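Since the structure comes first, as structure tokens, the remarks are kept for the end.
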Number of protein chains: 2
Amino acid sequence: MEERVKQIKQQLSGHSYKLTPQREATVRVLLENEQDHLSAEDVYLLVKDKSPEIGLATVYRTLELLSDLSIIHKLNFGDGVTRYEFRAEDAEHHHHHLICLHCGAVDEITDDWLGPIEKRVETEFDFQIIDHRLTFHGICYRCKGQVKDPKKLIGSKVT
Amino acid sequence: MEERVKQIKQQLSGHSYKLTPQREATVRVLLENEQDHLSAEDVYLLVKDKSPEIGLATVYRTLELLSDLSIIHKLNFGDGVTRYEFRAEDAEHHHHHLICLHCGAVDEITDDWLGPIEKRVETEFDFQIIDHRLTFHGICYRCKGQVKDPKKLIGSKVT
DNA sequence: CAATTAATTGATAAAAACTCTCACATTATA
DNA sequence: TATAATGTGAGAGTTTTTATCAATTAATTG
Ligand SMILES: [Zn+2]
Ligand SMILES: [Zn+2]
Ligand SMILES: [Zn+2]
Ligand SMILES: [Zn+2]
């Protein structure tokens, strides 16, 4: 935790940004909820618990800054808000998500399964991949059997 | 074109919805721009050319309706607006997109390359896939060589 | 250290995209 | 035709995000 904070501090100062108290509070909230996919509002409320004086705009600015530096990732699961999650230090690419259309759970595939497909994309389309997003929408193991007509669930979903 | 309209009319009436003149005008705009990825505003402006009396709310309602019936798909490419495209009649799943971070072009992989990966997801995660979204972000063949530091482009992108 | 400059913040206004409301119009049903 | 149901347009309202700006804090200069 402390090392992560220190590491991020260095990433920031490497780009001439300071790890202000507000930014550090935001970073800590993100680290403490690393497995979740928090919205800006979520982060704001959590940060406020510890630093009640922080402003919403600062949270948005911090998330944007961290995103610009590729320290965190912006996600969109089609529910109208941008969500944020830490980018794994070692991971070259973004991990994959499994979104349950019944309960809303977001599970993760942390391995990158797209290697062979990316090869095909690069050769067949002459497209230089920098990152990817892969999301599966369906029924999670928890909800299995609770859904009569799964096909009906997909309509109107985004992303 | 006319067959597609007729087919959609049947899909609507199958769910007790009417293909009103406003809905038909919206459907025709979508069909005439099938290769694009139009936003609601885009659709609205295009429909207005032919049916100036149409309201923005009606366009939103029609897109939502078509989306509910899985006649069109909602997309999010991270630019803040929902985009819409026809769902290929035969395609079981959504096709893949290649988004150029330099010029913004959106190309498509119309074949479904995810078969083997979906098998793994279903068995390893006990997750019943209904649909998927796969997007590659990078540099398209047109922009190759025009970008000095491609990694820099990814920061702050969503989806 | 004092003065100046730059970076950052909080509050709030504003923008953007989308949704809701409701009176009116159109269509279906009896 | 009467009656009910469905659909529409205009605009108000909501939600999320961004822009503005005066005030605070930090860095730099002399
Ligand atoms: Zn579930
Ligand atoms: Zn994730
Ligand atoms: Zn390009
Ligand atoms: Zn497409």
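Numbered from 1 within each chain, the chains take letters A, B, ... in sequence-line order. Worth saying up front: this structure is predicted, and the values here are computed from it rather than measured.
- Checking B/His95 against B/Glu108 by side-chain atom types alone, a donor-acceptor pair falls below 3.5 Å.
- At a threshold of 4.0 angstrom between heavy atoms, the contacts of A/Glu41 with the nucleic acid are absent.
- Of the candidate nucleotides C/dC18, D/dA10, D/dG7, D/dG7 has the atom nearest to the side chain of B/Tyr17.
- Nucleotide C/dA17 holds its P atom 10 Å from the CG atom of B/Asp42, rounded to whole Å.
- The backbone N or O of B/Leu38 sits nowhere less than 3.5 Å from a side-chain atom of B/Asp36 that would complete a donor-acceptor pair.
- In this structure, B/Lys18 places its NZ atom 16 Å from P of D/dA4, rounding to the nearest Å.
- In terms of phosphate contacts, A/Ser16 brings no side-chain nitrogen or oxygen within less than 4.0 Å of OP1 or OP2 of C/dA7.
- Rounding to whole angstrom units, CG of residue B/Leu38 and P of C/dA17 are separated by 15 Å.
- When the P atom of C/dC18 is taken as reference, atom CG of A/Asn76 falls 11 Å away, rounded to whole Å.
- Checking D/dG7, C/dT8, D/dG11 against the side-chain heavy atoms of B/Arg23 singles out D/dG7 as nearest.
- Here C/dC18 presents its P atom at 14 Å from CG of A/Asp79, a figure rounded to the nearest Å.
- Distance, B/Tyr44 OH to C/dA17 C1': 14 Å, rounded to whole Å.
- Atom NZ in A/Lys48 sits roughly 16 Å away from atom P in C/dT9 (whole-Å rounding).
- Counting non-hydrogen atoms of other residues, nucleotides and ligands closer than 6.0 Å to OH of A/Tyr17 gives a total of 12 or fewer.
- A sub-4.0 Å separation between OP1 or OP2 of C/dG10 and a side-chain N or O of A/Gln22 is present.
- Looking only at distances, a side-chain donor or acceptor of A/Ser13 sits under 3.5 Å from a matching main-chain atom of A/Gln10.
- Residues A/Phe77 and A/His37 place their aromatic rings such that the two centres sit under 6.0 Å apart.
- A ring-centre distance under 6.0 Å is not found for B/Phe136 and B/His97.
- The backbone N or O of A/Arg120 lies less than 3.5 Å from a partner atom in the side chain of A/Thr123, making a donor-acceptor pair.
- The B/Tyr60 side chain lies nearest to C/dT19 when the options are D/dT16, C/dT19, C/dA28.
- Phosphate contact (OP1/OP2 of D/dG7, side-chain N/O of B/Thr20, threshold under 4.0 Å): absent.
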Pairs under 3.5 Å (N/O, protein and nucleotides 21-23 of chain D):
none

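- Counting any heavy atom pair closer than 4.0 Å across all strands shown, A/Ile54 reaches sugar-phosphate atoms only and no base atom.
- The distance between atom CG of A/Asp68 and atom P of D/dT18, rounded to the nearest whole Å, is 11 Å.
- Considering only side-chain N and O atoms, A/Thr82 lies nowhere under 4.0 angstrom from the phosphate OP1 or OP2 of D/dT16.
- Between B/Thr58 and D/dT8, a side-chain N or O to OP1/OP2 separation shorter than 4.0 Å is absent.
- Ring pair A/His73/A/His94 is perpendicular by interplanar angle, where above 60° counts as perpendicular and below 30° as parallel.
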